[in-house]
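Here is the structure we will look at.
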Amino acid sequence: FAPEVVFHENKCIGCGRCVSLCPERHVVRDGGHVFLREDCVLCGRCVEACPNEALSLCGEEYTPQRLFREIVKDRHYYAQSGGGVTFSGGECLLQPEFAKALLWAAKEANISTAIESMACVKYEVIQSILPYLDVYLMDIKHMDPEKHKKFTGKSNELMLENAKKVAASGQTNLVIRVPTVPGFNDTVPEITAIAKFAASLPGVTKIHLLPYHRLGQDKYTGLNRPYLLDGVLPPGREHMEALADAVRAATDLNCQIGG
């Protein structure tokens, strides 16, 4: 994990300030600005000089202590709203010691805690943070291990086993969330299979169907990375309602669209 410079081409006004500061990595070619990110040393001078925010720094390194100082600034809001702090990602459990330190600090400060995670880690990692966790928002994308592996690169056995263990522990409020992606898992049989698994987990009463969206596509473009779901459109509201109705017909879970 490391910061990266994002180039928003549609915001570039061609002023040339970045070129004058860093001619090795910012060049004008065929009348347009080209950012040669492979050799970028992340000094940030081009970002600071850009007058139209066409360049921005994506990601910033924090210690747990520094980040917690930001979190506690909203302590009164948490108390008034009944909310708390949620750690997400990416996958927050890929930095387990960092996550554990923040969760512990939040609980010591009487701030409610939650994580969004697909549980694709050893159970020992999950077990270490459970004493400091109020709500576990766990992604389950598919019940078919082969299809899960084809679309995500990994099978689902570890995630499903961890879901069973977290539920059996009784240490946190486990909520199952399903990122619903057309062409991958948006049929009634696929969604109801996940719902029936969720309903079999001790203590689980809620499932969230999260409609696929394209809000991150511009960031892929700015980082010069391919967006692999370019031809996939978000599911319509009527289709999502039909999936939610199927979940309610198949289980007693409290099913909501979005989360």
Side-chain angles (χ1 to χ4, degrees), residues 1-15 18 25-40 42 44 46-48 50-62 86-95 114-120 137-142 147-154 156 159 176-187 190-191 194 207-244 256-259:
F1 304 98
E4 295 184 62
V5 173
V6 182
F7 174 43
H8 308 277
E9 187 175 6
N10 61 322
K11 292 185 178 182
C12 180
I13 59 176
C15 67
C18 58
R25 297 170 187 91
H26 295 276
V27 298
V28 176
R29 185 181 298 160
D30 299 327
H33 175 193
V34 178
F35 173 41
L36 306 174
R37 64 178 59 253
E38 292 79 9
D39 298 320
C40 180
L42 295 171
C46 62
V47 173
E48 294 173 1
C50 183
N52 210 41
E53 298 182 344
L55 295 163
S56 62
L57 198 60
C58 177
E60 187 173 350
E61 294 184 355
Y62 280 81
T86 301
F87 300 106
S88 183
E91 174 56 71
C92 62
L93 294 184
L94 290 180
Q95 301 180 70
I115 65 169
E116 292 180 308
S117 162
M118 62 183 297
C120 187
L137 303 166
M138 185 181 293
D139 276 9
I140 295 182
K141 296 179 173 67
H142 214 287
K147 191 167 186 180
H148 194 282
K149 185 173 183 178
K150 178 182 176 181
F151 279 81
T152 70
K154 284 188 176 293
N156 61 358
M159 297 82 143
I176 301 303
R177 290 153 65 93
V178 188
T180 307
V181 183
F184 170 50
N185 65 352
D186 70 325
T187 67
E190 289 168 315
I191 293 295
I194 298 172
I207 186 169
H208 299 166
L209 304 183
L210 310 179
Y212 162 74
H213 60 73
R214 300 168 66 108
L215 298 179
Q217 186 172 4
D218 286 347
K219 186 171 286 186
Y220 278 80
T221 302
L223 291 169
N224 196 32
R225 295 181 184 177
Y227 189 74
L228 299 180
L229 297 179
D230 190 41
V232 179
L233 298 177
R237 182 72 188 185
E238 186 175 326
H239 182 58
M240 292 301 301
E241 291 287 1
L243 294 177
Q256 71 180 57
I257 299 171

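All of these numbers come straight from a predicted model, not from anything done at the bench.
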If you round to the nearest 0.5 Å, how far is CG of N52 from CG of N10? 9.5 Å
Straight-line distance of N156 CG to C120 SG, nearest 0.5 Å: 10.0 Å
Aromatic centroids of H142 and F184 separated by under 6.0 Å: yes
Under the salt bridge (Lys or Arg N to Asp or Glu O under 4.0 Å) test, residues paired with K154 that sit two or more places apart: none
Of all heavy-atom pairs between V178 and I207, which one has the smallest distance, and what is that distance? CG2-CD1, 4.0 Å
Is R225 paired with E4 through a side-chain N to carboxylate O contact shorter than 4.0 Å? yes
To the nearest 0.5 Å, how far apart are CG in D186 and NE2 in H239? 4.0 Å
Taking atom CD of Q217 as the centre, report whether more than 12 heavy atoms of other residues, nucleotides or ligands fall under 6.0 Å from it. yes
Between CZ on residue R37 and CG on residue L42, distance to nearest 0.5 Å: 9.5 Å
Students often mix this up, so state it plainly: with edges at 30° and 60°, are the rings of Y227 and Y220 parallel, tilted or perpendicular? perpendicular
Hey, what do you get for SG (C46) to CZ (F7), rounding to the nearest 0.5 Å? 10.5 Å
Any salt bridge between R25 and E38, counting N to O under 4.0 Å? no
Euclidean distance, I115 CD1 relative to T86 OG1, rounded to 0.5 Å: 10.0 Å
Ignoring hydrogens and geometry, is there a side-chain-to-backbone donor-acceptor pair from Q256 to G258 under 3.5 Å? yes
